[in-house]
Amino acid sequence: MDLGIEENAALVTAGTAGLGLASAEALASAGCDVAVCGRSGDRLQRAERRLEAAGSGDVLAMRADITAPDDIEAFVEGTIDGFGRLDHVVTSAGGPPPGAFLDTTDEDWYDAYDLLVMSVVRTVRAAQPTLAADGGGTIVTITSRSVREVLDDLVLSNSVRRAVLGLTKTLADEFAPKIRVNSVLPGAHETDRIEVLIRDGVDRDEYETYGDGLDEWSDGIALDRVGDPGELGDAVAWLSSERASYVNGVAVPIDGGSMRGI
């Protein structure tokens with residue numbers, strides 16, 4: 001399917017690994033120039049090579065910490081300067097540490113809010129004037145299915161990510177019709193993080209093999225498997241595209257049917 005976004009410019013925060021990288025890769029494959037940021041030089045180099053191989057557009061990989069306001073502003077400005085335009089923003093972030101409510105401190109809560117919420121606020125604030133110019137643009141926030149259905153031992157993610165969903169819906173109204181704003185709610189995908197968790201489990205004899213670990217992660221998923229990160233990336237690219245031009249203010253679960261509610 002031609003998504004109608006060839007030669008557009010896209011920015012993906014925390015786009016050097018996991019679902020952020022998968023989203024950047026899908027946008028690159030659709031013909032976009034793509035900018036990603038991350039804190040690790042090695043990951044930035046690997047991501048840059050993957051994105052260059054994925055499409056024919058330009059690639060920009062910048063070192064930035066999404067919890068640092070100056071870094072976010074520099075990343076957005078660098079993207080606009082480098083590409084001469086900005087059409088699509090995708091906000092991604094790593095997850096806060098797991099834990100139960102009584103095991104978390106005030107600092108944990110503030111850190112989670114900075115990571116998950118303020119990184120989106122600052123990115124959107126910096127990008128909005130350019131997104132709204134000319135023909136308009138799109139924003140897709142990557143959150144988690146935990147905004148709809150709480151997950152065990154993840155009190156920070158369960159609580160704080162919901163603010164991103166509220167922000168997404170609010171911006172979909174405030175920024176329309178120039179900018180469409182949507183969210184995706186990932187379930188389990190076979191990212192680097194899940195691979196590490198499963199391999200650690202094999203080392204601890206929790207699973208006999210890596211495949212056994214994947215099978216356990218698949219429990220409760222109607223499609224009986226974890227997702228490929230590229231499947232999430234394809235959904236993000238579609239929401240960013242002309243093919244989704246009448247889709248605004250939605251939160252789409254990409255979870256293989258694991259969520260019990262609608």
Side-chain angles (χ1 to χ4, degrees), residues 12-26 36 38-47 49-50 65-67 91-105 107-109 111-112 114-116 119 142-162 164 184-236 252-261:
V12 183
T13 61
T16 61
L19 300 180
L21 177 56
S23 300
E25 204 163 14
V36 295
R39 293 179 297 178
S40 165
D42 289 342
R43 280 189 170 183
L44 281 167
Q45 291 176 1
R46 287 196 297 270
R49 290 193 295 269
R50 277 184 58 170
D65 180 348
I66 62 171
T67 65
T91 62
S92 177
F101 175 74
L102 294 179
D103 296 329
T104 58
T105 65
E107 184 178 7
D108 293 331
W109 284 94
D111 287 348
D114 252 355
L115 174 67
L116 299 177
S119 64
I142 301 176
T143 57
S144 167
R145 73 182 184 94
S146 68
V147 303
R148 291 265 184 87
E149 187 175 79
V150 299
L151 304 176
D152 292 344
D153 205 39
L154 290 175
V155 65
L156 293 172
S157 182
N158 292 340
S159 305
V160 178
R161 286 189 191 274
R162 292 185 178 218
V164 178
V184 291
L185 318 182
H189 288 73
E190 196 176 357
T191 59
D192 292 345
R193 176 168 172 74
I194 282 186
E195 288 183 13
V196 168
L197 291 173
I198 293 175
R199 295 193 190 283
D200 286 349
V202 172
D203 291 342
R204 295 193 301 270
D205 295 326
E206 292 177 15
Y207 317 121
E208 187 172 336
T209 66
Y210 181 83
D212 291 338
L214 271 183
D215 288 343
E216 185 161 320
W217 275 84
S218 302
D219 287 349
I221 300 176
L223 294 184
D224 199 29
R225 64 178 178 86
V226 300
D228 183 294
E231 293 171 306
L232 184 284
D234 288 343
V236 169
V252 184
I254 313 293
D255 68 346
S258 61
M259 196 181 299
R260 297 298 94 187

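These values consider heavy atoms only, across backbone and side chains, with no hydrogens, waters or symmetry-generated copies.
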Backbone of L185 reached by a side-chain donor or acceptor of S144 within 3.5 Å: no
Interatomic distance, N158 atom CG to R148 atom CZ [nearest 0.5 angstrom]: 14.5 Å
Side chain to side chain contact (heavy atoms under 4.5 Å, CB included) partner of I142, chosen from T91, V12, V164, V184: V184
Residue pair A17 / R43: nearest heavy atoms and the distance that separates them: CB-NH1, 3.7 Å
T209 versus D212, side-chain donor and acceptor atoms under 3.5 Å: yes
NE2 on H189 to CD on E231, rounded to 0.5 Å: 6.0 Å
Close side-chain approach of I198 to E216, heavy-atom, < 4.5 Å: no
D152 CG: over 12 foreign heavy atoms closer than 6.0 Å: no
Atom of G95, atom of R161 and distance for their closest heavy-atom approach: CA-NH2, 3.5 Å
Check: T105 main-chain N/O paired with D108 side-chain donor or acceptor under 3.5 Å: yes
From L214 atom CG to R225 atom CZ, the distance as rounded to the nearest 0.5 Å: 11.0 Å
Straight-line distance of D114 CG to I66 CD1, nearest 0.5 Å: 10.0 Å
Nearest heavy-atom neighbours spanning P96 and A112: CB-CB, 4.1 Å
Residue pair P253 / M259: nearest heavy atoms and the distance that separates them: CB-CE, 3.9 Å
V202 to Y210 - nearest heavy-atom pair and separation: CG2-N, 3.8 Å
Backbone of G18 reached by a side-chain donor or acceptor of D192 within 3.5 Å: no
Working for side chain to side chain contact (heavy atoms under 4.5 Å, CB included), residues F101 and S159: CA-CA 10 Å; F101 175 74; S159 305; over 6 Å; no
Backbone N/O of A100 and side chain of D153: donor-acceptor pair under 3.5 Å: yes
Sidechain N-carboxylate O distance under 4.0 Å for R260, E149: no
pair R39-T67: side-chain heavy atoms closer than 4.5 Å: no
4.5 Å side-chain heavy-atom contact, L21 and V36: no
Heavy-atom check, side chain of I221 versus side chain of D255, under 4.5 Å: no
Exam field: side chain S157 to backbone L154, donor-acceptor pair closer than 3.5 Å: no
Pairwise distance OG(S258) to CG(D219) - rounded to 0.5 angstrom: 11.5 Å
Closest contact, heavy atoms only, G94 versus L115: O-CD2, 3.2 Å
Inter-residue atom distance E25.CD - L19.CG, 0.5 Å rounding: 12.0 Å
